[in-house]
Amino acid sequence: MSTSSENTIRIYVMGSAYEVPRGLTIMNAMEHAGWRFTRGAGCRSGFCGACSTVYRHEGDYRLRFVLACQTEAEDGMYLVQLPFTPAPRVSYTLAELNPDENVLLQHYPEIARCVSCNTCTKACPQDIEVMDYVQAALRGDIAQTASLSFDCIQCGLCSMRCPADIKHYHMAQMARRIYGRYMSPITEHLEDRIAEIEKGVYEEELDALVKMTRSELEDIYAARVVE
Amino acid sequence: MNNTAYFPGCSLKAEAGDYERSAAAVMEALGQPLEELERWTCCGTVYSLTDDDLMHQMATVRNLIRAQECGAEEIVTLCSMCFNTLKRSKVFIEQDAARLETVNAFMDEEPDYEGDVEVVHLLEILRDQVGFESIEGRVTRPLSGLRVAPYYGCTLLRPREIGIDEPDTPTILQDFIRTLWATPVEFAFQAECCGTYQIVDAPELVLEKSHRILNSAMRAGAEIMITSCPLCMHNLRLAYEELRSSLPDKRELSIVYWTQLAAIALEVETGELPTSMGKLVEGLPTTMELVP
């Protein structure tokens, strides 16, 4: 039974109960309870995907999947951390790939085992339509795979839950890399700027900056033109 | 969305792009453009024969729900394999209320499937809804004199309960060929299996079976073979390339999708044609030229 008060809640970490202040993230609540994260914590800002967490509410059969740093701890949560997913990642040289409609299937043939159960989507803490991007990959639509998976933070929960043992997040990362290398439009002004840098256009300006004192730098920083 | 939602399947978006392009152009010309089902998923590829294996029916039901969501009464496929898998799975699920209930309970993120969406093949729509005679009236380039072998393969016809025609003596493709003013060439192996996915593990088996099909059609005098299955097409074209070098004379067989043949007769986008097919078509006059 959970016993919450106005200011505290009860959470369960690996089966042990802890009384923690209300309003903390799962990560902070666990730290408050005395747990120290040596794995499973990274950016603490919802970007790195290191703090995958599985939990269940008391009285509910359903397992839920979140990031510990982004989710508020609630009374009666049964928690466990999954700091690492032992999913194999295929090696390839991006510049040597043939980016045709079969390239994802050739490198990750297990995507053909998808039965459209959608368990991956339900496990995603980023609310990505994971099954939809696996299906796009299956029919060779690299652009759609890249686009639908764009918010992926590589936490691996999709692959931990998949009954077909698909490695969704590694496959989707490959799709985004292929899209970036072969399919996204070339940005002309970026190419121009790189050419300028390679020609040494900014060398003199940079040298001058390097030689400045701290107060000189602060002065030009304060006087900079903000667009 | 109109009453019919078009389910492409994965092959149509990859190797069989010419099938999709020609079908789309033909349906556009017939005033019933294909409207693609939104967020469709792979059909499951091969129908699961295990009768307690509901997990492998999930893909079909999810697609039927997608059709239901957009108000479509039927799903139409071009790929014979998708047709077979979707229809058998639909029949299997709807046979037993407990199966449907289990699948619906599992997919609790979706609305329940009510069991009212039909699965049809495009050939059935042309035969039963548009009518072959109506297509005949729209032919502007009659394929007179072209000798066309109808290759059915397995999945359009078998098992009998879901097939689009009589499995032992089908006529739908012959009727369709006549609709385009071409001559159907019947042959012994027109409903014989090409070897299907054995191409991965036992290519020699597939080549042997496919060679028998091709030889049978060519001996009967066919210049063209039509099919509705991207996997049969893959195997037959592969087998033909191998066979061609060993042919004693200069006989050629063009293997195309049935929709490409229709596209030629209706003078719309065909998708890429084999060179030999191009040569056969070059000589055909259009109706416009025939009118004095």
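Numbered from 1 within each chain, the chains take letters A, B, ... in sequence-line order.
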So does B:Gln95 have more than 12 non-hydrogen atoms from other groups sitting under 6.0 Å from CD?
yes
Name the option with the most non-hydrogen atom pairs under 4.5 Å to chain A; the candidates are B:Ser11, B:Cys42, B:Pro8, B:Ser48.
B:Cys42
Minimum heavy-atom separation for B:Thr41 to A:Met131, with atom names?
CG2-CE, 3.8 Å
Take a 6.0 Å sphere around CZ of A:Phe47 and say whether it holds more than 12 heavy atoms from other residues, nucleotides or ligands.
no
Quick one: CE on B:Met55 to OG1 on A:Thr119, what's the gap to the nearest 0.5 Å?
5.0 Å
So, for A:Glu129 and B:Arg39, which heavy atoms are closest and what is the spacing to 0.1 Å?
OE1-NH2, 3.3 Å
Looking at chain B, which one of A:Val134, A:Asn118, A:Leu138 has the largest number of heavy-atom pairs inside 4.5 Å, strictly under?
A:Asn118
Over all heavy atoms of both residues, which pair between A:Arg139 and B:Trp40 is shortest? Give the atoms and the distance, please.
CD-CH2, 3.1 Å
Choice from B:Arg62, B:His56, B:Met58, B:Lys13 maximising heavy atom contacts with chain A below 4.5 Å:
B:Arg62
For atom CZ of A:Phe150, decide whether the heavy atoms of other residues, nucleotides or ligands shown that lie under 6.0 angstrom number more than 12.
no
Could you tell me which portion of A:Thr121 (side chain, backbone, both or neither) has an atom closer than 4.5 angstrom to a non-hydrogen atom of chain B?
neither
Check this for me: B:Glu272, atom CD, are more than 12 non-hydrogen atoms of other residues, nucleotides or ligands nearer than 6.0 Å?
no
Please check if the number of heavy atoms outside B:Glu241 that lie under 6.0 Å from its CD is greater than 12.
yes
